[in-house]
Amino acid sequence: MKKNKNPEDGAGWKNDRSKELYGIDNWGSGYFDINRKGNLSVKPDKSKHEVEILQVIKDLIKNRIKPPVLLRFPQILESRISELYDSFGRSIDEFQYHGTYKGVFPLKVNQRKDVVEEIVRVGRKYNYGLEAGSKPELIESLFFKLSPESLLVCNGYKDKHYIKTALQATHFRKNIILVIDQLNEVHDIIKQSKKLSVNPCLGIRIRLYSRGSGKWVESGGEAAKFGLTTGELLGAIDELKASGMIKNLKMLHFHIGSQITEIRRIQNAVKEASRIYAEVKKLAPGLEYFNIGGGLGIDYDGSRTSSDASANYAMQEYANNVVFTLKEICDQEGIDHPTIVSESGRAVAVFHSMLITNLVYEKSIVHNGDFEVTEDEPNVIRKFHDCFIEITVKNYREYYHDSLEYKEELINMFNLGQLDLTEKAKGEALFFSICQKIHRFIIQTRDESEEFDYVRKLMSKRYIGNFSLFQSMPDFWAIGQLFPIVPIQRLNHRPECMGTILDMTCDSDGEIDRFTDVRDMKDMLELHLLDGHPYYVAVLLLGAYQDAIGDLHNLFGAVHEAHVVVKDEDEWVIKKIIKGDSVSSVLKMQNFNRTSLVKSFESSIEKAVDEKDLSPQSAKSILNNIKKEINDYTYLDF
């Protein structure tokens with residue numbers, strides 16, 4: 001765990017200091033900056049066109065849309081798709097690869113209609129397609145009008161109904177590829193294809209020995225959940241040959257896991273899969289697509305390493321390795337270069353959205369009280385007091401150890417009944433005052449030794465944010481995924497303290513206590529003191545997976561959304577506002593009907609009026625307030 005450098009250290013403070021402190025240039029990929037006012041800004045096309053986030057929030061508040069709010073920047077989606085195609089295009093040109101590249105967006109990454117609609121719209125000129133991993137995702141994908149040359153790849157476990165729907169869709173949707181993920185799917189596909197008189201494009205997902213790296217390393221390898229073994233692959237090919245459908249086999253697919261952190265793992269997987277492709281091509285001459293799956297990593301912490309929150313390569317290096325390795329094997333085997341397909345959903349979607357929440361309170365662990373120490377105090381209190389008086393920058397380490405012993409003595413004496421509550425409180429106040437002095441000394445001496453971690457923690461603050469961690473950033477809680485967090489204002493001022501961020505849920509797990517850092521992971525974030533004015537922080541890189549898997553802990557629902565686009569250098573607009581869940585909408589998800597809720601309240605209130613516990617005027621006021629609250633936002637109004 002990284003020792004947090006105290007923000008008071010050093011003289012002067014400018015935007016560049018904040019950019020370095022929060023690592024904006026390292027993980028931001030050119031999309032984020034700090035403007036001349038010291039406020040966080042977004043550059044959707046990485047140009048001089050920028051959007052000041054604080055001003056967006058102020059405009060939303062004028063329209064009665066208060067934080068927490070999710071900001072989406074649709075133009076970033078287009079930028080990412082363009083960068084993906086450009087990267088593979090450069091690699092294809094550089095290595096004289098004779099095939100082409102086609103991308104597909106996996107719906108599991110973000111199924112929101114507005115997001116996918118934008119991806120399809122801007123991806124049309126690139127022939128960018130979609131990937132469905134379930135029956136509902138297949139139905140969703142059929143809603144969107146892809147370009148005629150775009151692929152629609154059907155993955156995942158399939159029953160007869162999924163297979164039938166995909167096969168029927170080939171009558172009106174071109175370039176659907178039905179991928180065989182399990183051997184038992186082959187028989188159903190053959191049987192229903194003949195029954196429906198369709199001639200589908202098929203793919204086979206193979207299970208490689210090669211594995212990925214990072215949190216999803218178990219997704220690959222010989223024990224992977226999906227894919228056919230070598231023996232099953234040959235069995236599937238035999239069945240297709242026997243049915244006269246071997247000509248329908250068009251794609252070989254593999255996937256070794258999401259967020260692959262090491263480039264060499266990608267090299268190994270492509271090399272192994274290329275050899276298999278070459279062998280299968282000899283058995284199935286119609287094979288033309290080499291689908292490398294997903295896994296293109298995102299550098300969440302800006303370290304450019306193989307840590308779980310990073311990746312030790314960039315998009316161009318990824319493309320170079322895929323194209324070069326595949327070409328080399330194909331040339332050795334004497335086969336045509338296939339069309340490369342990738343399902344890099346995280347890389348496309350992750351940058352386009354951020355959560356903005358207001359930090360409404362700050363809590364300190366240390367609460368000093370006024371105290372006066374007399375000669376009649378118990379010995380432990382006098383020892384505390386002497387320590388407090390005599391501690392200096394030259395002896396603070398020794399006196400710190402003494403104070404820890406006194407603290408244990410204090411607790412033991414109280415538990416044995418030898419101290420009363422007032423004396424216990426006085427001892428605690430003295431101990432905290434000693435720690436405050438020590439904290440000043442370790443800052444002064446730049447002492448980062450681990451023995452003072454407890455003091456640093458005591459001196460930190462806990463900020464309470466108006467959001468639900470479980471709804472807006474569930475991967476942080478579920479798998480320890482780190483997300484960059486940055487204040488959106490006052491970035492031209494030195495942050496005064498360190499702290500963690502608590503959410504509004506009644507759950508002790510609802511705390512952000514791990515933060516990104518280039519060299520390590522921080523257990524506290526540099527923040528400013530609350531001064532009575534609204535103070536907002538942005539949680540960034542939320543565009544992949546978080547929308548789909550957020551839950552309703554404490555019935556905090558989906559947050560408001562605003563879609564923001566830039567028009568020119570000095571102009572941006574809020575293109576769309578989508579209101580977040582109301583109390584009634586989240587209760588409806590739990591099978592509560594709004595009408596019956598209101599009737600229940602009316603019945604209880606009428607009974608109270610009949611029994612003279614409420615006046616008719618008070619009853620009317622209470623009922624009107626409840627009706628209003630039922631329709632209100634699930635989050636708090638500060």
Side-chain angles (χ1 to χ4, degrees), residues 1-23 38 359 362-373 380-408 410 426-463 485-487 490-501 513-531 535:
M1 188 73 69
K2 179 180 174 60
K3 303 298 180 302
N4 302 78
K5 293 183 180 180
N6 193 282
E8 295 178 12
D9 191 21
W13 199 266
K14 294 183 179 179
N15 288 350
D16 287 346
R17 294 285 298 277
S18 283
K19 289 171 75 172
E20 180 183 359
L21 180 65
Y22 298 108
L359 302 188
E362 58 185 37
K363 298 171 60 176
S364 296
I365 299 176
V366 175
H367 296 284
N368 286 341
D370 295 330
F371 54 86
E372 181 181 348
V373 178
V380 66
I381 303 297
R382 293 199 306 274
K383 286 192 290 185
F384 265 130
H385 185 254
D386 291 342
C387 180
F388 173 73
I389 296 298
E390 296 173 11
I391 192 169
T392 68
V393 72
K394 294 183 178 181
N395 64 18
Y396 69 86
R397 189 179 304 273
E398 173 191 351
Y399 276 72
Y400 173 56
H401 295 151
D402 290 344
S403 68
L404 291 175
E405 292 181 10
Y406 304 154
K407 181 188 175 189
E408 290 298 318
L410 179 81
K426 189 175 291 187
E428 288 174 351
L430 282 163
F431 174 74
F432 289 142
S433 296
I434 291 167
C435 288
Q436 284 180 320
K437 276 192 171 183
I438 292 171
H439 190 241
R440 289 197 295 271
F441 293 145
I442 63 176
I443 292 171
Q444 181 180 339
T445 59
R446 301 173 185 255
D447 190 335
E448 296 186 10
S449 53
E450 291 184 1
E451 64 182 306
F452 294 112
D453 282 354
Y454 176 67
V455 174
R456 294 184 186 92
K457 191 72 174 177
L458 277 180
M459 295 302 114
S460 70
K461 293 185 180 293
R462 305 177 86 191
Y463 290 77
I485 302 177
V486 183
R490 292 163 64 180
L491 293 168
N492 53 356
H493 291 83
R494 178 188 291 114
E496 299 94 345
C497 55
M498 314 296 299
T500 60
I501 300 175
D513 55 3
R514 300 180 303 280
F515 302 91
T516 60
D517 184 76
V518 173
R519 295 178 181 82
D520 204 336
M521 180 173 65
K522 299 188 291 192
D523 54 8
M524 290 179 281
L525 185 68
E526 297 83 355
L527 293 164
H528 302 85
L529 291 169
L530 302 186
D531 59 2
Y535 186 70

Any side-chain heavy atom of [X] within less than 4.5 Å of one from [Y]?
| X | Y | result |
| --- | --- | --- |
| Ile391 | Tyr400 | no |
| Arg514 | Asp523 | no |
| Met498 | Glu526 | yes |
| Pro495 | Leu21 | yes |

| Minimum heavy-atom distance Trp13-Leu491, with the two atoms named |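 Shortest heavy-atom contact: NE1-O, 3.6 Å.
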Looking only at heavy atoms, what is the nearest atom pair of Cys435 and Val455, with distance?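 Answer, listing the atom of Cys435 first, then Val455: O-CG1, 3.6 Å.
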Output the distance between atom [atom1] ([X]) and atom [atom2] ([Y]), rounded to the nearest 0.5 Å.
| X | Y | atom1 | atom2 | result |
| --- | --- | --- | --- | --- |
| Glu428 | Leu410 | CD | CG | 6.5 Å |
| Ser403 | Lys437 | OG | NZ | 12.0 Å |
| Lys407 | Leu430 | NZ | CG | 13.5 Å |
| Cys497 | Leu527 | SG | CG | 6.5 Å |
| Ile434 | His439 | CD1 | NE2 | 15.5 Å |
| Asp513 | Met521 | CG | CE | 8.5 Å |

Q. Is a salt bridge present between Asp386 and Lys383, judged by a nitrogen-to-oxygen distance below 4.0 Å?
A.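 Judged by the 4.0 Å cut-off on N to carboxylate O distance, Asp386 and Lys383 do not form a salt bridge.
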**Report entry** Side-chain ion pair, Asp531 and Arg490, N-O less than 4.0 Å
**Finding:**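 Salt bridge: yes.
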Counting only N and O atoms by type, is there a donor-acceptor contact under 3.5 Å from the side chain of [X] to the main-chain atoms of [Y]?
| X | Y | answer |
| --- | --- | --- |
| Tyr22 | Pro487 | no |
| His385 | Gly427 | no |
| Asp453 | Glu448 | no |

Parallel, tilted or perpendicular: ring planes of Tyr463 versus Tyr535, cut at 30 and 60 degrees:
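Answer is tilted, since the angle falls between 30° and 60°.
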Q. How are the rings of Tyr406 and Phe384 set to each other: parallel, tilted or perpendicular (split at 30° and 60°)?
A.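 Aromatic pair Tyr406/Phe384 classed perpendicular.
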**Message:** I'd like to know whether CD of Glu20 has more than 12 heavy-atom contacts from other residues, nucleotides or ligands below 6.0 angstrom.
**Reply:**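 Incorrect, the count does not exceed 12.
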Is the number of heavy atoms from other residues, nucleotides or ligands within 6.0 Å of NZ (Lys14) greater than 12?
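No - once you tally the heavy atoms of other residues, nucleotides and ligands closer than 6.0 Å, there are 12 at most.
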*Between the side chains of Thr445 and Tyr396, does any donor sit under 3.5 Å from an acceptor?*
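Yes, because at least one side-chain N or O of Thr445 sits under 3.5 Å from a partner of the opposite role on Tyr396.
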Output, in order, the C-alpha distance, side-chain angles, deciding distance and verdict of side chain to side chain contact (heavy atoms under 4.5 Å, CB included) for Tyr399 and Glu390. CA-CA 9 Å; Tyr399 276 72; Glu390 296 173 11; 2.9 Å; yes
message: For a side chain to side chain contact (heavy atoms under 4.5 Å, CB included) check, start with the C-alpha distance between Lys457 and Thr500, then their side-chain angles and the critical distance, and finish with the verdict.
response: CA-CA 10 Å; Lys457 191 72 174 177; Thr500 60; 4.1 Å; yes
Under the criterion side chain to side chain contact (heavy atoms under 4.5 Å, CB included), I'd like the reasoning laid out for Lys522 against Thr516: C-alpha separation, chi angles, the key distance, then a yes or no.
CA-CA 6 Å; Lys522 299 188 291 192; Thr516 60; over 6 Å; no
Candidate pair Arg456 and Met524, rule side chain to side chain contact (heavy atoms under 4.5 Å, CB included), full reasoning = CA-CA 10 Å; Arg456 294 184 186 92; Met524 290 179 281; 4.2 Å; yes
>> Tell me which pairs pass salt bridge (Lys or Arg N to Asp or Glu O under 4.0 Å) where either residue lies in residues 395-404, with sequence neighbours left out.
In response: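 Qualifying pairs: Arg397-Asp447, Arg397-Glu451.
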